[in-house]
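Down below is the structure, laid out as structure tokens.
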There are 2 protein chains.
Amino acid sequence: MPRMNLTEPAVIAAAAELADEAGFEALSVSAVARRLEVQPASLYSHVRDRSALLSGVQRLALGELGGRVSQAVAGRAGSAALRALADAHRDYAIQRPGAWSALQYPADEHTVASPEAARIATLSIAVMRGYRIPPDDAVHAVRLVAATINGFLALDRGQAFAHRNESAHQSWLAAIAALDRALSTWPQGSGK
Amino acid sequence: MPRMNLTEPAVIAAAAELADEAGFEALSVSAVARRLEVQPASLYSHVRDRSALLSGVQRLALGELGGRVSQAVAGRAGSAALRALADAHRDYAIQRPGAWSALQYPADEHTVASPEAARIATLSIAVMRGYRIPPDDAVHAVRLVAATINGFLALDRGQAFAHRNESAHQSWLAAIAALDRALSTWPQGSGK
DNA sequence: GTAAAAACCTAAAGCCTGTAGGAGAGGGTG
DNA sequence: CACCCTCTCCTACAGGCTTTAGGTTTTTAC
């Protein structure tokens with residue numbers, strides 16, 4: 001019986017692919033084991049428990065998303081950077097629906113504090129530099145952007161991403177334009 | 001052996017309360033049955049399956065939220081109505097965390113098309129009337145508002161709602177103010 | 001009171017999660 | 001090559017969840 005010599009990253013990658021293909025709700029230790037052609041109990045050599053498997057997928061998603069955001073915003077500023085940031089998120093959700101879905105579930109504190117999550121935050125803060133936002137308010141602006149983008153994609157989740165709905169896309173464009181206006185008109189006084 | 005004479009609404013209400021107390025992830029047919037002191041199989045007289053139980057909680061949450069939004073925005077317009085709408089959502093998420101969490105999961109088409117969901121949409125459209133938004137754009141504006149509010153609350157979910165974090169609250173206020181500005185500066189031409 | 005409806009139970013099957021202990025594949029060393 | 005060690009993977013098992021089928025008992029309606 002030759003060994004596949006699984007590793008944690010391989011297990012998590014298989015889980016993410018399974019989620020993309022079958023939906024996040026189909027993700028289980030057993031399903032991943034079947035995919036890898038081993039018995040479920042074998043996976044506990046690589047991931048502590050089911051929860052750790054899900055956290056692993058979240059972290060992988062954050063890492064991939066971070067890479068895409070980094071590329072998308074490179075060399076851009078202001079509105080163009082904001083649009084690029086937003087579209088990187090949207091494209092990721094479309095191309096990796098299962099992995100993206102993992103990010104909609106509550107993350108543990110390690111995942112929240114992970115380098116991958118920090119990277120996306122850093123990139124988002126960099127995009128804010130294209131707007132006149134008081135330094136003390138940068139965190140608020142970043143949260144607004146993250147909330148709007150992710151909130152929109154989550155609302156859109158009920159629709160089939162593969163079939164782009166024209167109205168939903170118009171709403172997306174309108175939402176990003178609205179975000180841009182909101183950031184462009186950020187109050188300059190510290191009073192809020 | 002006296003019968004409790006359960007009904008579907010009673011089962012769903014018990015499920016929502018359980019979710020509030022123990023977290024949405026603790027919600028199962030078995031857990032609800034234990035709470036109601038019956039055997040799990042007994043609940044299938046009242047709900048078709050586990051999925052129907054979850055959909056029931058979503059629908060209950062939409063109904064309750066709709067009532068709160070209706071009260072909150074009554075007699076208000078423009079910015080005041082927007083803030084009231086947003087705060088109704090936030091207060092609901094704080095006071096009924098389990099029921100609110102149910103709304104973060106994909107809903108089936110019946111739930112999406114339910115009268116309760118339609119009510120919230122109608123109320124949201126009414127709030128948009130306080131801004132100069134071309135009629136064709138009203139749906140885009142409503143989606144923006146829903147996305148931002150829910151996106152923000154979802155991001156905040158990792159924190160313990162019971163312990164209000166001052167920075168998160170400032171971000172919330174900043175986000176609603178940003179929404180207000182975005183709505184107030186909505187483009188008047190049909191070009192987009 | 002009787003009959004029908006429905007709430008609730010037991011039993012069972014199938015699936016999932018996770019632990020414990022063991023087998024054996026693979027790699028390193030002498 | 002033989003031997004030893006590590007670690008991947010397996011089997012076995014227990015406990016929990018979901019759901020169906022068939023039956024019992026309580027409630028409702030007449």
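Reminder, nothing fancy here: chain letters follow the sequence lines and each chain counts from 1.
- Annotation: proximity of residues 16-31 of chain B to DNA chain D (heavy atom, distance under 4.0 Å) is found for B:Ser28, B:Val29, B:Ser30, numbered in ascending order.
- Side-chain polar atoms of B:Arg68 and B:Gln95 form a donor-acceptor pair below 3.5 angstrom.
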N/O donor to acceptor pairs below 3.5 angstrom from side-chain atoms of residues 70-86 of chain A, sequence neighbours left out:
from	atom 1	to	atom 2	distance (Å)
A:Arg76	NE	A:Ala72	O	2.8
A:Ser79	OG	A:Asp180	OD1	2.8
A:Ser79	OG	A:Asp180	OD2	3.0

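- For B:Arg34, the listed nucleotide lying nearest its side chain is D:dC17; candidates were D:dC17, D:dC10, D:dT27.
- A heavy atom lying under 4.0 Å from DNA chain D marks the following residues of residues 46-58 of chain A, by number: A:His46.
- The CE atom of B:Met4 sits 12 Å away from the P atom of D:dT27 (whole-angstrom rounding).
- Between the CG atom of B:Leu43 and the C1' atom of C:dC8 there is a distance of 10 Å, rounded to whole Å.
- B:Ser167 and A:Arg143 share a donor-acceptor pair across their side chains, judged by distance under 3.5 Å alone.
- A search for side-chain hydrogen bond (donor to acceptor under 3.5 Å, both in side chains) contacts involving B:Ser124 returns nothing, not counting sequence neighbours.
- Backbone-only contact: B:Leu6 has heavy atoms under 4.0 Å from sugar-phosphate atoms and none from a base.
- Nearest nucleotide to the side chain of A:Ala41, out of D:dC9, C:dA20, D:dT19: C:dA20.
- For A:Tyr92, the ring pair (Phe, Tyr, Trp, His ring centres under 6.0 Å) criterion is met by no residue, not counting sequence neighbours.
- Side chain of B:Asn5, nearest nucleotide from D:dT27, C:dG26, D:dC10: D:dT27.
- In this entry the distance linking OH of B:Tyr44 with P of D:dT20 reads 8 Å, nearest Å.
- The side chain of A:Ser42 sits closest to D:dC9 out of D:dT25, C:dA11, D:dC9.
- The distance from atom CD of A:Glu8 to atom P of D:dC9 is 14 Å, rounded to the nearest whole Å.
- Sorted by first and then second residue, the pairs that involve residues 12-31 of chain B and meet salt bridge (charged side-chain N to carboxylate O under 4.0 Å, His left out), not counting sequence neighbours, are B:Glu17-B:Arg35, B:Asp20-B:Arg96, B:Glu21-B:Arg35.
- Here B:Arg59 pairs with B:Glu116 under the side-chain hydrogen bond (donor to acceptor under 3.5 Å, both in side chains) rule; sequence neighbours left out.
- The ring pair (Phe, Tyr, Trp, His ring centres under 6.0 Å) pairs that include a residue from residues 37-91 of chain A number zero, where partners must be two or more places apart or lie in different chains.
- Residues meeting the ring pair (Phe, Tyr, Trp, His ring centres under 6.0 Å) test with B:Phe24, sequence neighbours left out: B:Tyr105.
- One can place CG of B:Leu36 at 15 Å from C1' of C:dC9, the figure rounded to the nearest angstrom.
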